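Order of listing sets the numbers, starting from 1, for every ligand and every atom in it. Everything numeric here is computed off the predicted structure, so don't read it as measured data.
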Amino acid sequence: MLRVLANNSILSCMLRALPNDGPIERLYGLATVCQFFTNPQDFGPMVLFFQDKVYTDTWHHLKDAVLDGDSAFKKAHGLTLFEYLWTDMRFSKVFNDAMSNYSTITVKKMLENYNGFDGLSTLVDVGGGTRQTLNMIIAKYSTIRGINFDLPHVIKDAPKYDDHGKFIVCDYILAVAPETSHSTRIASNLDIHMPAYCGGGKERTEQEFEALAKGAGFESFRVAYSAYDLKVLEFLKKN
Ligand SMILES: C[S@@+](CC[C@H](N)C(=O)[O-])C[C@H]1O[C@@H](n2cnc3c(N)ncnc32)[C@H](O)[C@@H]1O
């Protein structure tokens, strides 16, 4: 295993001759790329999530899910992803850690220059998970009242938006035509993950986001910011 990892530049390897014409000893260490996988503040939790058996078992059902439109995750585990998370606390922690770590990295970048939170008095994070995103935003905008909306809260607890309210979405954007940029490759990868894990889930092109916004009654839509490859999209009630 160590040899395989070293041959793929994931580990470094130094050779050392043991005294008295003894055999060659190999000393392995972490190569630079490991900083992304071993640091709990980096992609380590996401790697553990993607490699988890609960996650990988799902892919064996992808073909059937494509054929009948149901989610591959439900076929593998008998429940939707979010129902299942309630039943398996171990995997639930793996999932939440991966989500919140990824959000920490991208929201930190987003808060460097995106100013769409200026002037807001209330912010609802829909599907806010373990509240990491909201905590980071409120740490910068201390006057915002934050509401973390996630299961098992019921819809009646959600506040009404006023006419100047806006809906801020962080998502990847699909390109209309195939291309090889990093952001398009991530978006098209996720476009397979979404229906596999959440039946009916999908990524969208900018035009499809705009149609979604208009169809839901928002007056306008814009791509407001880019945090790495993740786009910050604003659906505005009034221009
Ligand atoms: C992809 S995770 C993102 C979590 C969080 N935003 C983060 O970045 O860490 C999606 C979240 O949506 C929540 N969720 C799923 N279905 C929901 C529903 N019907 N109502 C409220 N929250 C829901 C899940 O519990 C989960 O925390």
Side-chain angles (χ1 to χ4, degrees), residues 39-52 54-55 58 70-74 77-112 114 116-117 120 122-141 144 146-161 166-174 186-187 189-204 209 212 216 225-235:
N39 182 350
Q41 307 308 323
D42 221 303
F43 284 99
M46 192 55 93
V47 172
L48 291 178
F49 170 55
F50 282 141
Q51 302 306 321
D52 197 285
V54 173
Y55 200 85
T58 301
D70 205 352
S71 91
F73 189 92
K74 194 168 179 189
H77 303 289
L79 299 169
T80 68
L81 170 63
F82 294 115
E83 287 165 350
Y84 180 87
L85 286 167
W86 282 103
T87 68
D88 183 343
M89 287 302 116
R90 181 202 64 80
F91 184 63
S92 182
K93 179 164 170 29
V94 171
F95 178 85
N96 288 335
D97 286 352
M99 296 304 120
S100 66
N101 272 269
Y102 188 69
S103 298
T104 303
I105 295 167
T106 48
V107 172
K108 191 171 161 211
K109 183 77 185 165
M110 178 181 171
L111 289 174
E112 281 175 12
Y114 175 66
F117 297 115
L120 295 187
T122 303
L123 178 66
V124 185
D125 190 0
V126 180
T130 51
R131 213 190 145 91
Q132 191 68 20
T133 298
L134 206 50
N135 286 348
M136 290 173 75
I137 295 170
I138 286 169
K140 182 167 176 187
Y141 296 89
I144 292 182
I147 298 172
N148 190 38
F149 184 75
D150 203 290
L151 295 169
H153 300 301
V154 284
I155 207 92
K156 67 179 171 53
D157 290 335
K160 293 185 172 54
Y161 291 105
K166 62 180 160 184
F167 185 55
I168 303 170
V169 177
C170 294
D171 207 345
Y172 292 88
I173 293 189
L174 278 175
I186 293 191
N189 252 317
L190 286 173
D191 198 38
I192 300 176
H193 283 245
M194 286 304 136
Y197 289 88
C198 308
K202 63 178 200 168
E203 296 300 320
R204 291 178 169 84
F209 268 117
L212 182 70
Y225 191 67
S226 192
Y228 302 112
D229 291 321
L230 194 69
K231 306 293 178 208
V232 179
L233 316 172
E234 290 185 343
F235 294 25

Within a distance under 4.0 Å of any heavy atom of [X], pick out the atoms of ligand 1 and give their elements.
X: G129; answer: 4 (C), 5 (C), 27 (O)
X: M99; answer: 1 (C), 2 (S), 7 (C), 8 (O), 9 (O)
X: S100; answer: 9 (O)

Straight-line distance of T104 OG1 to M99 CE, nearest 0.5 Å: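 Separation between the atoms: 12.0 Å.
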
Measure centre to centre between the rings of Y55 and F91, then say whether the value is under 6.0 Å.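 Aromatic pair excluded; centres sit 6.0 Å or further apart.
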
Within-cut-off N or O pair, F149 and ligand 1, under 3.5 Å: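 No, there is no polar N/O contact under 3.5 Å.
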
Polar atom proximity, S103 to ligand 1 (N or O, under 3.5 Å):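 For ligand 1, there is an N or O atom that lies under 3.5 Å from one belonging to S103.
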
Option from Y197, Y84, F82, W86 for which ring-ring contact (aromatic ring centres under 6.0 Å, His included) with H77 holds: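 In the set Y197, Y84, F82, W86, the residue that makes a ring-ring contact (aromatic ring centres under 6.0 Å, His included) with H77 is Y84.
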
D191 to E203 - nearest heavy-atom pair and separation: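 Closest heavy-atom pair between D191 and E203: OD1-N, 2.9 Å.
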
Which pair of non-hydrogen atoms, one from T58 and one from A196, has the smallest distance, and what is that distance?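 Result for this residue pair: CG2-O, 3.8 Å.
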
